[in-house]
Amino acid sequence: MKAKKRKNKPGKIFIISGPSGSGKTTLLTRLIQDKKIAKLLVKSRSVTTRPKRFGERQGKDYFFVSKEEFRRLLKAKKILEWTRYLGYYYGTPKGPVEKLLKAGRHLGLCLDLKGARILKKIYPQNTVTIFVLPPSLDVLKARIEGRCRETNKQEISQRLRLAKKEMSAARQFDYNVLNGDLQVALKDLKKIFLKENSA
Ligand code: 5GP
């Protein structure tokens, strides 16, 4: 569904960040499932060299590309910001972001800390950063293990180690959302979105 244009107001970038397993992608997906919000917010799809996980779809969850294609896009300046996360490349396609913002529409992105910092630097006036916190490290571990059934043990422990490091950055974000109960977290996220939409 297309987002509605906001009259005479620039669009905002809503960055949802947080450790792997915090539930940030689920929260953004669920936020956009709200009919009222779907008219205002568009989800950005990143380009990645990470292999597709079970259930993920090309162009829906990510644009899955080869390393060569990723390098070609970078060289052609078609990537706004990018990161290397556990050996894989992830990048935000530039074209859709610029087009939507110009049209006064909001954009939702799930990014790592580096991506959140860079976009806030590029668009300081209209970037809203939200950090999703898991209720505990034990819950986070269980979520990562459950989700990455086909992911090897080494990657699971790497994701956990990185998650612990990432948690200390929560204070640098505009908002923190605790995701212990998905419905409660979703309600908090909706409140933030609607407040920022009317600001
Ligand atoms: P995952 O492999 O779990 O889908 O993503 C790994 C990490 O990369 C997550 O923290 C996710 O938010 C982040 N990520 C996904 N796409 C992008 C992107 O385009 N740019 C940046 N900087 N991080 C991204």
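Computed over heavy atoms, backbone and side chain alike; hydrogens, waters and symmetry mates excluded. For ligands, and for the atoms within them, numbers begin at 1 and follow the listed sequence. Numbers here simply count residues along the sequence, with the first being 1.
Looking at R159 against ligand 1, only its side chain comes within 4.0 Å, counting heavy atoms. Only the side chain of R53 comes within 4.0 Å of ligand 1, judged by heavy-atom distances. Under 4.0 angstrom from ligand 1, the non-hydrogen atoms of E81 all belong to its side chain.
Every heavy atom of K114 sits 4.0 Å or more from the atoms of ligand 1. At least one heavy atom of K24 sits closer than 4.0 Å to an atom of ligand 1. The shortest separation from a heavy atom of Y88 to ligand 1 is not under 4.0 Å, leaving the residue out of contact.
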Taking only distance into account, with no hydrogens and no angle test, what donor-acceptor pairs under 3.5 Å do side-chain atoms of residues 161-170 form with protein atoms, sequence neighbours excluded?
{"from": "S168", "atom 1": "OG", "to": "K165", "atom 2": "O", "distance (Å)": "2.7"}

Please set out all donor-acceptor pairs under 3.5 angstrom arising from side-chain atoms of residues 126-140, sequence neighbours excluded.
{"from": "N126", "atom 1": "ND2", "to": "G11", "atom 2": "O", "distance (Å)": "2.9"}
{"from": "T127", "atom 1": "OG1", "to": "Y123", "atom 2": "O", "distance (Å)": "2.7"}
{"from": "T129", "atom 1": "OG1", "to": "D174", "atom 2": "N", "distance (Å)": "3.0"}
{"from": "T129", "atom 1": "OG1", "to": "D174", "atom 2": "OD2", "distance (Å)": "3.2"}
{"from": "S136", "atom 1": "OG", "to": "D138", "atom 2": "N", "distance (Å)": "3.4"}
{"from": "S136", "atom 1": "OG", "to": "V139", "atom 2": "N", "distance (Å)": "3.1"}

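Set against the non-hydrogen atoms of R50, the atoms of ligand 1 under 4.0 Å away are 1 (P), 2 (O), 4 (O). Close contacts of ligand 1 with G115, meaning ligand atoms under 4.0 Å from a residue heavy atom, involve 22 (N).
Put simply, the side chain of E69 never gets that close to the backbone of S66: no donor and acceptor are under 3.5 Å apart. In this structure a side-chain-to-backbone donor-acceptor pair under 3.5 Å is present from K114 to W82.
Remark: of the listed residues F63, Y62, Y89, Y62 is the sole one forming a side chain to side chain contact (heavy atoms under 4.5 Å, CB included) with S46.
Taking the charged nitrogens against the carboxylate oxygens, K121 and E81 have no contact shorter than 4.0 Å, which rules out a salt bridge.
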